[in-house]
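First up is the structure itself, then whatever we jot down about it.
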Amino acid sequence: MDFSYSVKVEGLRTQVQDFMEAHIIPRIPEWNKDVANGSFPPSFMEDLKSLARQQGLWNLFLPGLRSEEPGTRLTNLEYAPLAEIMGRISWASEVFNCNAPDTGNMELLHMFASPEQYDQWLAPLLNGEIRSAFAMTEPHTASSDASNIQTRIEKDGDQYVISGRKWWITNAAHPGCRLLIVMGKTDPGAEPYRQQSMVLVPIDAPGVTVLRNLTVMNHHHPEGHCEIIFDGVRVPCQNLLGEEGSGFALAQARLGPGRIHHCMRSIGAAELALEMMTRRSQERQTFGRFLHEHGAVAEWISRSRIEIEQARLLVLKTAWLIDEKGAKAARKEISMIKALVPLLHTTVIDRAIQAFGAMGVSPDTPLADHWTWGRALRFADGPDEVHHRAVARMEVKESEAYASVLNDYLTPYEAD
Ligand SMILES: Cc1cc2nc3c(=O)[nH]c(=O)nc-3n(C[C@H](O)[C@H](O)[C@H](O)COP(=O)(O)OP(=O)(O)OC[C@H]3O[C@@H](n4cnc5c(N)ncnc54)[C@H](O)[C@@H]3O)c2cc1C
């Protein structure tokens, strides 16, 4: 494993960094003002997207991109440091058409869409012309166990009829959102992991009601995390994604790379917080010393650097493993980073908030927004505990391989 950045990646890092500095960072105040005034996406977004595309900074997340498809084909390992740079600003990745959940949805459609589905949905997504959402979680079912999902997808002639209620559906309030990928049960009598399927539902189909955009710890996100009712929504059978009963397998396929993108961006947010904390602690003095000269603050800085480096290496290893052996072989590492990185994200940002004093919880730094998002990430794509469960189960299974050798380490007490 060699995780040093190649010449190509160093070049792309410089390009993304320069783009952020020239076009994105200066627009933070405008973004905040537009969103506060209810204008979303901000007027500059389409211009920035065209510029990023012209510069070859487009669809960088999709290793399977074909030569005729728009974007720059990179491996997960090559994309990781770029996503990290984008993660420093919560809305930056959309400029490069690299934002969740569109990325996960594009990956899914890239693998499983029929030619008609490709033309109708994937082509405009790859071009950044429309946005999409992924609708699995339900208010009345414990959705961290996908086999619990209750929404019904019933066949009626040449149509599917969808009835159910979903919530926390990210992107569904985005004015550009046209597609909902909906997970529900086509066959409640089948064995648990063959009951669900996914269907492609236009957001404007009759019977779809976007009830509300939930705030995240009272933070408003303009792209939305929405509660949606599906009341007898009808779509043609051709809108089934993959086969009937394959919903669970599709969800697994979708979440592998998707989870790693969130982690890469989180490392960027944590890195920004560490940089801000380190600078701030050299600017302010209490009790005759700069903040960094107090042991507690020095330890926050040190711990944050150590933890970020550890997490980054694990994320890079996971990206490398997905590239080399596929997402299935990297299941344990994907769960490990998903359990680790959102917690790191909030831990480092929390220290930076403390180092900033009351300003840390004000709207005058990005820290409060980044912390809130990090906290939400401990649920999104599965709560921490589910990933710990997955890691522990794999460890327990693997322990069979060394069980017999372990006995040789034991020295039972024998009375003389
Ligand atoms: C900001 C945000 C965006 C989201 N975006 C989307 C989206 O776009 N699409 C979508 O479908 N969903 C989305 N979600 C929902 C998210 O995926 C779910 O919240 C998550 O899967 C957990 O499901 P639940 O909320 O029903 O919790 P439950 O399943 O009710 O679980 C509650 C708690 O039980 C504990 N728990 C569960 N299983 C175990 C276990 N095996 N061992 C120990 N403890 C356990 C965990 O602490 C868990 O938090 C989003 C959530 C947030 C906060």
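Everything numeric in this text was worked out from a predicted model, so none of it was measured. Both ligands and their constituent atoms are indexed starting at 1 by order of listing. The figures here come from the full heavy-atom set of this structure, side chains too, leaving out hydrogens, waters and symmetry mates.
Atom 34 (O) of ligand 1 is not flagged as protein-proximal [any protein heavy atom, distance under 4.0 Å]. Distance check for atom 8 (O) of ligand 1: a protein heavy atom is found below 4.0 Å.
Residue R389 qualifies as open at atom CZ: its count of foreign heavy atoms under 6.0 Å is 12 or below. Within a 6.0 Å radius of CD in E243, other residues, nucleotides and ligands contribute 12 heavy atoms or fewer. Few gaps surround CD on Q159; more than 12 heavy atoms of other groups in view lie less than 6.0 Å from it. Surrounding CZ of R305 are more than 12 heavy atoms belonging to other residues, nucleotides or ligands, all under 6.0 Å away.
For atom 28 (P) of ligand 1, the closest non-hydrogen atom of the protein is S144 OG, 3.4 Å. Looking from atom 39 (C) of ligand 1 to the surrounding protein, the closest heavy atom is V386 CG2, 4.0 Å. Among all non-hydrogen protein atoms, the one lying nearest atom 24 (P) of ligand 1 is S143 N, 4.0 Å.
Distances shorter than 4.0 angstrom do not occur between any heavy atom of L214 and any atom of ligand 1.
Checked against a 3.5 angstrom limit, the closest N/O atoms of F134 and ligand 1 fall inside it. The distance criterion of under 3.5 Å between nitrogen or oxygen atoms is not met by V216 with respect to ligand 1.
In this structure, the side chain of S163 does not engage the main chain of D231 through any donor-acceptor pair within 3.5 Å.
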